[in-house]
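The following block contains the structure, expressed as structure tokens.
The residues of the chain are indexed from 1 along the displayed sequence. Order of listing sets the numbers, starting from 1, for every ligand and every atom in it.
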Amino acid sequence: MYVHIVAGCIACGACESICPNVFTVYDTAEANNENVPGFEAECRDAASACPVSVIKIEE
Ligand code: SF4
């Protein structure tokens with residue numbers, strides 16, 4: 001799995017709340033793909049929860 005964050009993040013913090021191991025929100029969210037293994041379900045949950053749908057997941 002690879003997590004991309006495309007343009008348009010509004011820095012709401014939801015992804016970081018759901019999966020802080022992978023997502024960190026500065027001015028916009030960043031994904032640390034090295035930490036994705038073991039947190040795939042949380043990454044999918046974060047993508048679903050993102051209010052502007054900018055978290056894209058490649059399976
Ligand atoms: S949930 Fe979406 S809009 Fe909110 S900080 Fe994460 S990537 Fe940005």
What's in the same ILVMFWY side-chain cluster as V25, cut-off under 4.5 Å, chained through other members?
none

Might you point out which heavy atoms bring V54 and C50 nearest each other, and give the distance in Å?
N-SG, 3.5 Å

Residues C9 and I5: closest non-hydrogen pair is CB-CG2, 4.5 Å

Search all heavy atoms of V36 against all heavy atoms of M1 and return the closest pair with its distance.
CG1-SD, 3.7 Å

Look only at the side chain of E40 and the backbone of G38, and say whether a donor-acceptor pair between them is shorter than 3.5 Å.
yes

Quick note on ligand 1: atoms under 4.0 Å from a heavy atom of I55 include exactly 7 (S)

From atom 4 (Fe) of ligand 1, how many protein N/O/S atoms are found at a distance short of 2.8 Å?
1

Pairs of donor and acceptor atoms involving the side chains of residues 26-33, under 3.5 Å and at least two apart or interchain, shall be tabulated with distances.
| from | atom 1 | to | atom 2 | distance (Å) |
| --- | --- | --- | --- | --- |
| N32 | OD1 | E34 | N | 3.1 |
| N33 | OD1 | V3 | N | 2.7 |
| N33 | ND2 | V3 | O | 3.0 |

Below 4.0 Å, non-hydrogen atoms only: which portion of T28 touches ligand 1? Side chain, backbone, both or neither.
neither

Determine which pairs satisfy side chain to side chain donor-acceptor pair (under 3.5 Å) with at least one residue from residues 47-59, sequence neighbours left out, and list them in order.
H4-E58, R44-E59

